[in-house]
Amino acid sequence: AGGGFDSIQVFTSSGTWNRPSGITKIIVEIKGGGGGGGGAYTDAANLSGTGGAEGGTAIEFLDVSSTASATVTVGAGGAGGGGSNNAGSGMTVGANGGTTSFGSFCTATGGVGGSKAANGTDLTVALGGLGANGDLNLRGACSIPKQTFAPNAAGLSGSGAGQGGGNGVIVTGATGVAGVNGGGGGGGQY
């Protein structure tokens, strides 16, 4: 008589979804992993990398009357790029987040990793991941390609597998910080 769901399952790592007894219809919401933050460097110019982007989201309503189980793949957050103090060389971009999927029904790609620092060069936007084959497919938030002064610092990894919800950020301190449910932060600014 009351509203609400009869069963809720949350996957934070890959596994198998098994249909509970009596359940015939479900709502699936999946999100790709966040991208890692780009590395920074310090030398004559002290520049930060940019944060990684958020993973995409897919939401789908499914009739599972004839589906007993489905493989769940949870995309991991991307690794952060390395920092350098070698005259602006040696730093690396953040890694892309992994793709999340629910069987063959729907997928959500991970966010793109953040740009490494580049002296005198505009950094590119890291694009958010994109949901596919859901009833509602959303792109994750993109990173902001703002170049700021920063100490030598590695970008940190994207947030936990399959999470998302915000841009990577650049904060005060010696290193970037992990994104809050999103991409990893670029190297921190002064």
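Summarising the geometry of Cys106 relative to Val28, their closest heavy-atom pair is SG-CG1, 4.2 Å, with the distance given to 0.1 Å. In terms of heavy atoms, Ala126 sits closest to Gly113 at CB-O, 3.6 Å. Between Arg19 and Ile23 the shortest heavy-atom distance is CD-O, 3.1 Å. The two atoms that bring Ala53 and Cys142 nearest to each other are CB-CA, 4.1 Å, heavy atoms only. Considering all non-hydrogen atoms of both residues, Asn18 and Gln9 come closest at O-NE2, 3.4 Å.
Rounding to the nearest 0.5 Å places NZ of Lys31 at 7.0 Å from CG of Leu138. For the atom pair CG (Leu130) and OG1 (Thr109), the distance works out to 5.5 Å, reported to the nearest 0.5 Å. In this structure, CG on Asn133 lies 13.5 Å from CZ on Phe102, to the nearest 0.5 angstrom. In this structure, the separation between CZ on Phe11 and OG1 on Thr73 is 10.5 Å, given to the nearest 0.5 Å.
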Task: Worked verdict on Ile59 versus Ile27 for side-chain contact (heavy atoms from CB on, under 4.5 Å) - done: CA-CA 7 Å; Ile59 301 172; Ile27 296 174; 4.1 Å; yes
Open item on the list: Would Val64 and Phe105 count as a side-chain contact (heavy atoms from CB on, under 4.5 Å) here? Give the steps.
Closed with: CA-CA 11 Å; Val64 291; Phe105 296 104; 5.5 Å; no
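Of the possible polar contacts, one joining the Ser14 side chain to the Val74 backbone as a donor-acceptor pair under 3.5 Å is found. Panel note: side chain Thr100, backbone Gly75; a donor-acceptor pair is recorded below 3.5 Å. Between the side chain of Ser101 and the backbone N or O of Thr107 there is no donor-acceptor pair closer than 3.5 Å. Distance alone, capped at 3.5 Å, places no donor-acceptor pair between the Asn137 side chain and the Ala58 backbone.
Transitive grouping of hydrophobic side chains (ILVMFWY, heavy atoms separated by less than 4.5 Å) brings Ile26 and Val72 into a common cluster.
Dense packing is recorded around CG of Asp63, with more than 12 heavy atoms of other residues, nucleotides or ligands lying under 6.0 Å away.
Side chains of Lys116 and Thr92: a donor-acceptor N/O pair is absent below 3.5 angstrom, by distance only.
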